[in-house]
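What follows is a short report on a single structure.
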Protein chains: 2
Amino acid sequence: MSEPAPQPRNTRQRTAIREAIDASDRPLGPQELLEIGRRDVPSMSLATVYRNINALLEEGAITKVELPGQPPLYESAGLKHHHHFHCDKCGRVFDIEGCPGNLKPLLPEGFTLTGHEITLYGRCADCA
Amino acid sequence: MSEPAPQPRNTRQRTAIREAIDASDRPLGPQELLEIGRRDVPSMSLATVYRNINALLEEGAITKVELPGQPPLYESAGLKHHHHFHCDKCGRVFDIEGCPGNLKPLLPEGFTLTGHEITLYGRCADCA
DNA sequence: GTCGTTGCAAAGCGTTTGCAGCCTA
DNA sequence: TAGGCTGCAAACGCTTTGCAACGAC
């Protein structure tokens with residue numbers, strides 16, 4: 001089921017990507033990570049960003065944020081349960097604390113619930 | 001902003017696609033629509049499915065259902081406000097009636113709310 | 001007969017992968 | 001030095017588009 005998992009090395013590229021994600025207060029996409037990472041390592045390629053994203057996902061350091069109709073974003077793992085807000089104007093995604101909870105009553109007969117995802121849409125404070 | 005919008009024609013392909021969507025009790029993807037459509041019009045191509053999906057979307061006959069991390073699905077327009085359930089096992093998506101509502105309190109200061117999307121995950125009745 | 005539509009193949013776009021050289025440990 | 005990592009370019013999967021033939025009205 002699982003590969004022997006090689007010994008990871010701390011390259012400047014990997015460090016730059018991990019720090020970019022940890023320092024951000026909102027989830028970031030591969031292209032944004034490339035731009036930020038290139039401030040430290042100008043030669044960095046997009047393929048490297050993707051490979052490190054996948055490595056960090058597998059080691060559990062970051063989480064994939066998937067919103068309807070958009071390519072995935074990534075944020076630090078270990079944030080508490082939260083949801084996301086997508087600004088209709090600037091397109092940025094923000095973390096939202098809290099959760100309405102109590103969604104089980106919505107389920108049809110015989111269905112079981114293991115998780116949920118909520119995305120809010122509107123204008124962020126900068127764009128409102 | 002908007003093209004003069006040509007006079008649409010009722011081809012067998014378009015009819016088959018529209019009927020497949022209207023007859024389904026759950027949202028369908030392009031590949032599924034191709035398979036169903038080919039029962040009526042075996043020569044149908046995937047490009048035709050996509051072109052008709054987009055035409056039906058613009059004329060407001062169908063709605064795009066976008067779930068996190070999956071390609072879009074399509075369902076009849078005019079269904080009342082609802083959400084979606086994604087089965088972890090079979091991968092199918094089902095419509096869910098009802099809505100928790102009252103999500104405004106979750107917003108940070110200065111943010112405005114125009115809409116929301118909720119996706120539930122778990123096992124459907126067949127897979128539970 | 002017009003002109004919207006179709007099938008096919010090529011092009012786009014975001015993501016993944018093969019490969020040879022590079023660099024961390 | 002070994003072998004994981006990187007940059008580059010080719011490959012992929014899904015969707016769109018150019019083009020010539022087709023067919024609805």
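Proteins come first, then strands; the chains are lettered A, B, ... in the order of their sequence lines, and each starts at number 1. When reading the values below, keep in mind they use all heavy atoms of this one structure, side chains included, and skip hydrogens, waters and symmetry mates.
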Rounded to the Å, how far apart are [X] [atom1] and [N] [atom2]?
| X | N | atom1 | atom2 | answer |
| --- | --- | --- | --- | --- |
| A:Asn52 | D:dG4 | CG | C1' | 11 Å |
| B:Leu46 | C:dA9 | CG | C1' | 13 Å |
| A:Glu58 | D:dC5 | CD | P | 11 Å |
| B:Gln7 | D:dC25 | CD | P | 9 Å |
| B:Glu66 | D:dC14 | CD | P | 16 Å |

Taking 4.0 Å as the cut-off, does a side-chain nitrogen or oxygen of [X] come that near to OP1 or OP2 on [N]?
| X | N | value |
| --- | --- | --- |
| B:Asn54 | D:dT16 | yes |
| A:Ser45 | D:dT6 | no |
| A:Asn10 | D:dG4 | no |
| A:Thr11 | D:dG4 | no |
| B:Ser43 | C:dG7 | yes |

Please examine the side chains of A:His82 and A:Glu97, heavy atoms only from C-beta on, and report whether any two atoms are closer than 4.5 Å. no
Same hydrophobic cluster for A:Tyr121 and A:Ile96, using side-chain heavy-atom links shorter than 4.5 Å among ILVMFWY? no
Is there a path of hydrophobic side-chain contacts, each under 4.5 Å between heavy atoms, that joins B:Leu106 and B:Leu120? yes
Which other residues end up in the same hydrophobic cluster as A:Leu73, if Ile, Leu, Val, Met, Phe, Trp and Tyr are linked when side-chain heavy atoms come under 4.5 Å apart?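 Members besides A:Leu73, by chain and number: A:Val65, A:Leu67, A:Val93.
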Could you list by number each residue of residues 13-24 of chain B showing a heavy-atom separation from DNA chain C of less than 4.0 Å, or answer none if no residue does? B:Gln13, B:Arg14
Give, ordered by number, those residues of residues 28-39 of chain B having at least one heavy-atom distance below 4.0 Å to an atom of DNA chain C; if nothing qualifies, reply none.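 The answer is none.
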Less than 3.5 Å apart, any donor N or O on the side chain of A:Thr15 or A:Asn10 sitting next to an acceptor on the other?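 No.
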Decide whether A:Glu117 and B:His86 meet the rule of one side-chain donor and one side-chain acceptor closer than 3.5 Å. no
Relative to the 5' end of DNA chain D, which residue comes earlier, B:Arg9 or A:Met44, by the nucleotide with the nearest heavy atom?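 Checking each residue's closest nucleotide, the 5'-ward one belongs to A:Met44.
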Lys/Arg N to Asp/Glu carboxylate O, B:Arg12 vs B:Glu19, below 4.0 Å: no
Can you name the nearest heavy-atom pair linking B:Leu28 to B:Ala20, along with the distance?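 In this case the closest contact between B:Leu28 and B:Ala20 is CD1-O, 3.8 Å.
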Determine whether a donor-acceptor pair (one donor, one acceptor, N or O, separation below 3.5 Å) exists between the side chain of A:Arg51 and the base of D:dG7. yes
Whether B:His83 and B:His116 hold their rings parallel, tilted or perpendicular, with breakpoints at 30° and 60°: tilted
